[in-house]
Engineer: 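Questions regarding the structure given below will be posed in turn.
Residue numbers start from 1 in every chain, and the chains themselves are labelled A, B, ... in the order their sequence lines are given, proteins ahead of strands.
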Amino acid sequence: MSQARPAKGTRDFAAADVLRRRYVVGVLQSVFERYGFAPLETPSFENLDTLMGKYGEEGDRLIFKILRSGDFMKSVADLQQPKASELADKALRYDLTVPFARYVAQHAGQLAMPFRRYQIQPVWRADNPQKGRFREFYQCDADVVGSRSLWQEVELVAMYHQAFAALGLHVVVRVNHRGLLAGIAEVAGIGDRLVDFTLALDKLDKVGVDGVRAEWRERGFTDVQCAALEPALHSSGDLQATLAQMRRWLSTSEQGMKAVDELQWLIERAGRSGDLALDITLARGLNYYTGCIFEVQATEVAMGSVGGGGRYDNLTGIFGVPGLSGVGISFGLDRIVLCLEELNRVPSLASGPQVLVVQFSNAEADYAYLVASDLRAAGVRTVLYPEPAKIKKQFDHAERIGASWVALTGSMEQAADSVQLKNLATGAQHSVRRSDLAHFDWNQGA
RNA sequence: GUGAUUGUAGCUCAGCUGGUUAGAGCGCCGGAUUGUGGUUCCGGAGGUCGCGGGUUCGAACCCCGUCAUUCACCCCA
């Protein structure tokens, strides 16, 4: 069998794939730029300690680490159990947010705040691949730092809605607030166990009410504590009713009430641009979120989330620049493309050359090349068949590479300083003078 | 890291309860056809049956291991 294959969780992109992906990227890019975000690119790998500890325990495990260069083994103290830092000091980026935070911390003095940037680059995770999950995939991020205003959240949600509307993909943006989850934990008396509480709660739609209860017990919560958390399992589907319920429940928690206020304010404004759902079970594993959190779900396809994001109040603090609040969203390019493909909703995208110039004989090759040059000068995508093969074979090749025209350039045409252009779809053939090539209508018969 | 699934020609797949020399379609190469493709016809090349071991007179088929794939869990885009 073919042992020639790309590494686990990676893919090659053939011409049609590349065009599809470019199309989606183009849509996202235009939305980003319309909202005044400027592009940024960062290196594919960072110093290991820049990335470690930012994504939670599970995240750290999934970071692709890069072996140190040179004879690093000689400086390992215990060869039986070398420390990770002795073997690796660099790692492939795991997302775009942390490298961005590193960049902001580094240039905090020079950046005009609030600073908004977008970034479209691959990231790598040492995960086991499955449907819609890869070890190399593209994230398309838009973040703004240096503003605590909730208007940023409003605009980011509007960008989600606009981008997915432009792509023709129906989605619902689920929103929640870390402060709300912290408030729940606080009133239930488990404020110090926020992660255990939320990770289990996040699975509500998958494992059901009983499943979450069971996991809470597994994670060491007492019956009393579980009972106190119970209302989190029964939020009503209605947005306003849920907010009112939370307002009553969390009245003794300052952070909880603040979160409810913020969610209400945001939903009133961001809910106008498209589907927005309040989902108090939404947790998101990334450790650094502190305020509103988002996750985008395609409603017509079974696929993991196609986007996610949220507010992080102190990400640059780790890099020595405290007090900068940021908020950002991410689009999962690969999953978006998968959704569009599955729904057959990718616009047809032209590829391949328009014209193949046939070669009759070695003696006529110079003229064929001359015509090919004319065509290219006229901006026409052109391929010159490289040898005088059988005409049938050259026509077949034209068909296969997606050319819509064949140019015949033999001694007869050369004598008339012209070229025979044959449309492969219609069979229609035109004799065109070389000097008229620039004005030829290549779309006729299309 | 856990569980399941699949692995036969370049691709998609047949291959019976284990039984000669492992098949088909598509694709590829050549010819019918040395200046006009798609159709048709003729001919041809191409397989360590993922890999290693075991059972058997005999294994693509049964058993064990291993690698790879896909899917699910975990987590996420």
Side-chain angles (χ1 to χ4, degrees), chain A residues 1-9 11 24 28 55-63 94-97 120-141 160 171 195 198-200 202-203 206-207 211 215 282-287 289 293-298 302-310 328-339 356 358-364 368 385 388-401 403-414 419-429:
Chain A
M1 276 307 295
S2 58
Q3 63 277 54
R5 56 161 71 97
K8 181 200 278 281
R11 297 156 297 160
V24 173
L28 298 179
Y55 307 106
E57 196 182 327
E58 181 73 5
D60 282 356
R61 200 168 63 79
L62 299 179
I63 292 174
Y94 178 90
D95 72 354
L96 301 178
T97 305
I120 300 174
Q121 288 189 282
V123 302
W124 295 269
R125 296 182 186 178
D127 223 347
N128 272 337
Q130 53 184 280
K131 186 180 181 188
R133 164 171 305 178
F134 307 98
R135 297 183 130 188
E136 176 183 67
F137 61 96
Y138 270 70
Q139 290 193 328
C140 313
D141 278 27
Y160 265 144
V171 299
V195 173
T198 54
L199 282 182
D202 192 38
K203 293 173 198 163
K206 273 185 184 164
V207 300
E215 184 159 344
L282 176 65
R284 296 191 57 74
L286 267 19
N287 275 357
Y289 293 123
I293 48 184
F294 312 106
E295 197 154 293
V296 187
Q297 221 79 46
M303 185 73 62
S305 57
V306 294
I329 57 173
S330 180
F331 292 80
L333 171 64
D334 307 80
R335 286 183 180 175
I336 291 171
V337 171
L338 282 178
C339 287
L356 180 122
V358 164
Q359 203 178 127
F360 284 114
S361 70
N362 286 324
E364 292 152 303
Y385 201 86
K390 287 193 191 313
I391 301 304
K392 168 181 164 55
K393 191 172 177 185
Q394 300 193 44
F395 267 75
D396 279 346
H397 188 65
E399 190 85 20
R400 295 198 55 185
I401 63 178
S404 40
W405 294 85
V406 162
L408 302 157
T409 57
S411 51
M412 293 187 299
E413 288 77 16
Q414 180 168 15
V419 50
Q420 295 283 336
L421 295 173
K422 177 159 182 170
N423 186 302
L424 285 173
T426 66
Q429 193 161 320

Engineer: From NZ of A:Lys422 over to P of B:G35, roughly how many Å is that when rounded to an integer?
Structural biologist: 15 Å

Engineer: Among B:U69, B:C74, B:C28, find the nucleotide with the atom closest to the side chain of A:Arg400.
Structural biologist: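 So the nucleotide nearest the side chain must be B:C28.
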
Engineer: Can you measure A:Asp396 atom CG to B:U40 atom P for me and round it to whole angstrom units?
Structural biologist: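 Checked: the CG to P distance equals 13 Å.
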
Engineer: I need the CD-P distance between A:Gln121 and B:A77, as an integer number of Å.
Structural biologist: 17 Å

Engineer: With the six-membered base ring of B:G38 as reference, does the ring of A:Phe395 sit under 5.5 Å away with planes under 30° apart?
Structural biologist: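 The base of B:G38 is not stacked with A:Phe395 (the test needs centres under 5.5 Å and planes under 30°).
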
Engineer: If you assign A:Gly304 and A:Ala7 each to the RNA chain B nucleotide with the nearest heavy atom, which residue ends up on the more 5' nucleotide?
Structural biologist: A:Ala7

Engineer: Name the nucleic acid region contacted by A:Leu408, choosing base, sugar-phosphate or nothing; use a 4.0 angstrom heavy-atom cut-off, strictly under.
Structural biologist: base

Engineer: Does A:Arg125 make a cation-pi contact with A:Phe137, if we ask for NZ or CZ under 6.0 Å from the ring centre and within 45° of the axis?
Structural biologist: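 No, a cation-pi geometry is absent between A:Arg125 and A:Phe137.
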
Engineer: If you look at every strand shown and take non-hydrogen atoms under 4.0 Å, does A:Glu136 touch a base, only sugar-phosphate, or nothing?
Structural biologist: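 Contact class for A:Glu136: none.
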
Engineer: Measuring from the side chain of A:Arg5 (C-beta onward, heavy atoms only), which nucleotide among B:A68, B:U36, B:C71 has the closest atom?
Structural biologist: B:A68

Engineer: Classify A:Tyr138 by what it touches in the nucleic acid, base, sugar-phosphate, or nothing, heavy-atom distance under 4.0 Å.
Structural biologist: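 Since no nucleic acid heavy atom lies under 4.0 Å of A:Tyr138, the category is nothing.
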
Engineer: Give one of base, sugar-phosphate or nothing for A:Gly307, where a contact means two heavy atoms less than 4.0 Å apart.
Structural biologist: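 The answer is sugar-phosphate, as A:Gly307 gets under 4.0 Å only of primed atoms, P, OP1 or OP2.
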
Engineer: Whether the side chain of A:Arg335 and the base of B:C76 hold a donor-acceptor pair under 3.5 Å is what I'd like checked.
Structural biologist: yes

Engineer: So which one's nearest nucleotide on RNA chain B is more toward 5', A:Ser411 or A:Val207?
Structural biologist: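 Taking each residue's closest nucleotide, the earlier one in sequence belongs to A:Ser411.
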
Engineer: Looking only at atom C1', what distance separates B:C16 and B:A32, rounded to whole Å?
Structural biologist: 41 Å

Engineer: Under 4.5 Å between any side-chain heavy atoms of A:Lys8 and A:Arg135, yes or no?
Structural biologist: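 Yes, close enough: below the 4.5 Å cut-off.
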
Engineer: Does one side chain, of A:Ser361 or A:Glu364, offer a donor that lies under 3.5 Å from an acceptor on the other?
Structural biologist: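 Looking only at side-chain atoms, A:Glu364 and A:Ser361 do form a donor-acceptor pair, the distance falling under 3.5 Å.
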
Engineer: Considering only atom C1', compute the distance from B:G38 to B:U21 and round it to an integer number of Å.
Structural biologist: 38 Å

Engineer: Does B:U66 pair with anything, Watson-Crick or G-U wobble, both distances under 3.5 Å, and if so, with which nucleotide?
Structural biologist: B:G50

Engineer: Paired with B:G44: which nucleotide, if any, by Watson-Crick or G-U wobble criteria at under 3.5 Å for both distances?
Structural biologist: B:C28

Engineer: Kindly assign one of parallel, tilted or perpendicular to the pair A:Tyr55 and A:Tyr94, based on the angle between their ring planes and the thresholds 30° and 60°.
Structural biologist: tilted

Engineer: Rounding to a whole Å, what distance do you find between A:Lys131:NZ and B:C73:P?
Structural biologist: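 So the NZ-P distance, A:Lys131 to B:C73, works out to 12 Å.
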
Engineer: Would you mind reporting whether A:His397 and A:Leu356 have side-chain heavy atoms less than 4.5 Å apart?
Structural biologist: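 The answer is yes, as the side chains (C-beta and beyond) meet within the 4.5 Å cut-off.
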
Engineer: Between B:G35, B:U69, B:A77, spot the one nearest the side chain of A:Gln139, thanks.
Structural biologist: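 The answer is B:A77, which lies nearest to the side chain.
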
Engineer: If the C1' atom of B:G53 is compared with that of B:U17, how far apart are they to the nearest Å?
Structural biologist: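 So the two C1' atoms sit 25 Å from each other.
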
Engineer: Return the value, rounded to whole Å, for the distance between atom CG of A:Leu62 and atom C1' of B:C73.
Structural biologist: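 Atom-to-atom, A:Leu62 to B:C73, this comes out as 14 Å.
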
Engineer: Does the side chain of A:Gln130 get closer than 4.0 angstrom to OP1 or OP2 of B:C71 through an N or O atom?
Structural biologist: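 Answer no for this pair, as no side-chain N or O of A:Gln130 is under 4.0 Å from OP1 or OP2.
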
Engineer: Considering only the P atoms, how many Å lie between B:G23 and B:U48, rounded to the nearest integer?
Structural biologist: 15 Å

Engineer: Within the structure provided, determine whether A:Gln414 and A:Thr409 are in side-chain contact (heavy-atom separation under 4.5 Å).
Structural biologist: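 When only atoms from C-beta onward are counted, A:Thr409 and A:Gln414 do not touch, as no gap falls below 4.5 Å.
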
Engineer: Could you give the NE2-to-C1' distance, from A:His397 to B:G27, as a whole number of Å?
Structural biologist: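 These atoms are roughly 16 Å apart.
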
Engineer: What integer number of Å spans the C1' atoms of B:G18 and B:C61?
Structural biologist: 6 Å

Engineer: Counting only N and O atoms by type, is there a donor-acceptor contact under 3.5 Å from the side chain of A:Asp127 to the main-chain atoms of A:Pro129?
Structural biologist: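 Checked: no pair found.
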
Engineer: Classify A:Met412 by what it touches in the nucleic acid, base, sugar-phosphate, or nothing, heavy-atom distance under 4.0 Å.
Structural biologist: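 Here A:Met412 touches the bases of the nucleic acid.
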
Engineer: At under 4.0 Å, does any side-chain N or O of A:Lys392 touch on OP1 or OP2 of B:U36?
Structural biologist: no

Engineer: What interatomic distance, in whole Å, is found between C1' of B:U66 and the corresponding atom of B:U6?
Structural biologist: 16 Å

Engineer: Give none if B:U17 has no partner; otherwise give the nucleotide forming a Watson-Crick or G-U wobble pair with it, both distances under 3.5 Å.
Structural biologist: none

Engineer: Quantified in whole Å, what is the C1' atom distance between nucleotide B:G46 and nucleotide B:G30?
Structural biologist: 15 Å

Engineer: For the C1' atoms, the ones on B:C51 and on B:A24, what distance do you get once it is rounded to whole angstrom?
Structural biologist: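 After rounding to an integer number of Å, I get 27 Å for this pair.
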
Engineer: Ring of A:Phe360 versus six-membered ring of B:G35: centres under 5.5 Å and planes under 30°?
Structural biologist: yes

Engineer: Provide the Watson-Crick or G-U wobble partner of B:A72, both distances under 3.5 Å; none if there is no partner.
Structural biologist: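 Check on B:A72: paired to B:U2, both distances under 3.5 Å.
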
Engineer: What nucleic acid atoms does A:Gly59 come within less than 4.0 Å of, heavy atoms only: base, sugar-phosphate, or nothing?
Structural biologist: nothing

Engineer: Side chain of A:Lys390 only, heavy atoms from C-beta on: which candidate in B:G31, B:C75, B:A77 is closest?
Structural biologist: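 Between B:G31, B:C75, B:A77, the one nearest the side chain of A:Lys390 would be B:G31.
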
Engineer: Taking side chain as C-beta onward, heavy atoms only, is A:Gln297 less than 4.5 Å from A:Val171?
Structural biologist: no

Engineer: Between the side-chain atoms of A:Glu413 and the base atoms of B:G35, is any donor-acceptor pair under 3.5 Å?
Structural biologist: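 Such a pair exists between side chain and base.
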
Engineer: Can you say whether a donor on the side chain of A:Asn128 sits under 3.5 Å from an acceptor on the base of B:G1, or the other way round?
Structural biologist: yes

Engineer: Classify the side chain of A:Gln429 versus the base of B:U36 as yes if they form a donor-acceptor pair under 3.5 Å and no if they do not.
Structural biologist: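 Between B:U36 and A:Gln429, which were checked side chain against base, a qualifying N/O pair under 3.5 Å is present.
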
Engineer: Check the distance between B:G35's C1' and A:Gln420's CD and give it to me in whole angstrom.
Structural biologist: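 Those two atoms, CD and C1', are 10 Å apart.
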
Engineer: To the nearest Å, give me how far apart CZ (A:Arg133) and P (B:U69) are.
Structural biologist: 15 Å

